Protein chains: 2
Amino acid sequence: MNRQILVVEDEKPIREMITFVLEQNGFNTIEAEDYEDAKSKIVEPYPDLILLDWMLPGGTGVKLAKTLKQNEYTRSIPIIMLTARADEDDKVKGFDVGVDDYVTKPFSPKELIARIKAVIRRVSPTALEEAIEFHGMKLDPVAHRVSINERALDLGPTEFRLLHFFMTHTERVYSREQLLDNVWGTNVYVEDRTVDVHIRRLRKAIAGEGHEDFIQTVRGSGYRFSGKIKMSL
Amino acid sequence: MNRQILVVEDEKPIREMITFVLEQNGFNTIEAEDYEDAKSKIVEPYPDLILLDWMLPGGTGVKLAKTLKQNEYTRSIPIIMLTARADEDDKVKGFDVGVDDYVTKPFSPKELIARIKAVIRRVSPTALEEAIEFHGMKLDPVAHRVSINERALDLGPTEFRLLHFFMTHTERVYSREQLLDNVWGTNVYVEDRTVDVHIRRLRKAIAGEGHEDFIQTVRGSGYRFSGKIKMSL
DNA sequence: ACTTTTTGTGACAATTTTATTACACGCCTA
DNA sequence: TAGGCGTGTAATAAAATTGTCACAAAAAGT
């Protein structure tokens with residue numbers, strides 16, 4: 001359930017609502033508000049899926065889709081169109097340019113997530129269970145194994161889920177509450193500081209190879225998992 | 001034997017008749033009643049064969065076959081089409097999308113089993129009978145024998161099936177429920193914990209040669225059969 | 001430098017999960 | 001029908017995990 005989704009939507013409230021929902025469901029998001037912005041963000045590493053508003057300023061939504069689907073390198077990125085109009089013609093046009101699915105506004109978060117997962121599953125049935133690698137750390141969700149430079153780690157269930165989350169959500173700060181929501185699950189009552197303890201345990205578990213610095217404390221905000229280790233000055 | 005067959009058929013009586021016949025003949029079955037249901041059940045570990053009704057609601061039988069045969073990961077799963085109509089055109093279309101065989105309703109259980117075995121034999125000539133070897137352990141499905149470094153083991157039927165499943169599904173964590181589904185069969189009511197007991201019995205049975213560590217407990221998730229034995233520090 | 005706020009750490013008890021043992025029931029077979 | 005298996009379940013023991021607390025350490029603010 002990893003990877004990045006680019007949300008192209010000009011209306012900020014809607015865009016933020018969407019990204020909120022996505023993040024709640026364990027996806028990483030990138031935002032873009034118009035054609036140019038989107039294009040500048042569709043670079044390597046390419047997003048794993050694009051949510052594209054039909055009604056971009058200047059009606060450039062379809063244009064963008066068409067462009068992407070005609071380009072050799074971006075052709076394979078799945079696109080889900082968002083539209084306010086349940087207009088059949090629009091749908092046809094959308095599918096004509098190779099769009100993978102269609103979601104009509106307003107939509108429920110549940111529906112959106114379901115569609116996204118369906119598309120991802122269709123495009124790459126194994127994407128959700130492929131091993132993740134990050135700077136010499138490898139996490140295999142299927143075998144339920146973690147190794148760091150070929151050395152196997154022994155993690156408890158929670159530590160494993162925490163690391164899994166971090167490895168799929170790198171270079172970004174998460175508050176303790178967000179971590180609780182994502183790793184422990186929503187509607188569980190656990191103290192904020194419990195996160196600290198598990199961070200500590202995880203750090204300890206991966207210590208010895210230099211990678212313990214990957215888990216960074218961002219004072220006042222939370223924690224971040226990053227390959228760019230912070231240098232002392 | 002002990003292979004999994006996915007039965008995709010919308011009419012419940014027929015579906016149950018088929019699964020009954022299959023289970024009688026030593027196959028494990030999974031059931032699906034429509035396109036979506038089927039798709040959601042075609043995940044790792046992939047079924048070894050799919051029995052697919054031609055006339056799914058919405059005429060999606062062929063569509064499903066086509067989809068599967070176009071996907072890199074599911075392409076190799078053999079598909080047998082079931083149809084009520086002995087229509088030559090349909091058959092041709094079916095073969096066009098890469099279906100492996102065709103069975104016309106009504107069919108006798110005997111015929112169905114025969115076709116299934118034929119397809120399996122064609123796809124993987126030795127799969128049904130060839131001995132499996134894994135790190136010095138040898139399991140012969142035909143002779144129903146297991147040996148470890150040439151020393152014969154004495155296993156009960158369930159232990160044998162469990163080990164057989166493990167030897168054909170290594171390096172991967174299976175929950176107790178998954179193990180129940182695969183080794184005991186779907187739609188059997190057995191306690192989760194029963195798996196523990198059989199794991200214990202199997203461990204005991206293969207003990208003495210170091211191989212008992214192959215069956216690994218993954219706390220909170222299930223069990224894993226692996227050649228990479230966990231080192232203590 | 002002193003105070004306040006935030007984070008790191010080690011210890012611990014409660015809880016959860018798994019291992020192990022014991023036992024009863026059903027099914028063959030003799 | 002008695003005796004042996006093989007199985008599932010329940011009871012109990014053992015082990016691992018987890019959330020919190022108390023206090024130390026570090027950082028930020030005054």
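This structure is a prediction, so every number in the text was calculated from the model and none was measured. Naming: A, B, ... by sequence-line order, numbering from 1 per chain.
Listed candidates were C:dG8, D:dG8, D:dG19. Nearest to the side chain of A:Trp184 is D:dG19. Side-chain proximity of A:Val190 to D:dT20, D:dG8, C:dT20: nearest is D:dT20.
Not less than 6.0 angstrom separates the ring centroid of B:Phe165 from the ring centroid of B:Phe225. Remark: aromatic rings of B:Phe166 and B:Tyr223 are distant, center separation not under 6.0 Å.
Considering only heavy atoms from C-beta on, B:Trp54 stays 4.5 Å or farther from B:Leu82 through its side chain. Between A:Asp34 and A:Asp10, the closest side-chain pair of non-hydrogen atoms is not below 4.5 Å. Taking the side chain as every heavy atom from C-beta outward, A:Ile215 and A:Ile206 approach each other to under 4.5 Å.
B:Arg161 places a side-chain N or O within 3.5 Å of a backbone atom of B:Val183 that can act as its donor or acceptor partner. Using a distance-only test at 3.5 Å, with no hydrogens or angles considered, no donor-acceptor pair links the side chain of A:His164 to the main chain of A:Phe160. Judged by distance alone, the side chain of B:Arg115 and the main-chain N or O of B:Tyr102 form a donor-acceptor pair under 3.5 Å.
Within 4.0 Å of A:Arg203, counting heavy atoms only, lie sugar-phosphate atoms of the nucleic acid but no base atom.
Contact annotation: B:Arg193 side-chain N/O to C:dT18 OP1/OP2 distance is under 4.0 Å. An OP1 or OP2 oxygen of C:dT21 is reached within less than 4.0 angstrom by a side-chain nitrogen or oxygen of B:Arg200. Between A:Tyr223 and C:dG8 there is a side-chain polar atom (N or O) within less than 4.0 angstrom of OP1 or OP2. One finds a side-chain N or O of A:Arg176 lying less than 4.0 angstrom from the OP1 or OP2 phosphate oxygen of C:dT7. Side-chain N/O atoms of A:Thr158 include none lying less than 4.0 angstrom from OP1 or OP2 on D:dT17. Within the 4.0 Å cut-off from OP1 or OP2 of C:dT6, not a single side-chain nitrogen or oxygen of A:Thr217 is found.
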Under 3.5 Å between N/O atoms: give me all the protein pairs with nucleotides 25-30 of chain C, atom names plus distance.
none

Could you write out each protein N or O paired with an N or O of nucleotides 11-16 of chain D at a distance under 3.5 Å?
residue, atom, partner, partner atom, Å
D:dA16, O4', B:Arg219, NH2, 3.4

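Per the geometry, CG belonging to A:Leu180 stands 13 Å off P belonging to D:dT18, to the nearest Å.
Donor-acceptor pairing under 3.5 Å, judged by distance alone, is present between the side chain of B:Arg201 and the base of D:dG8.
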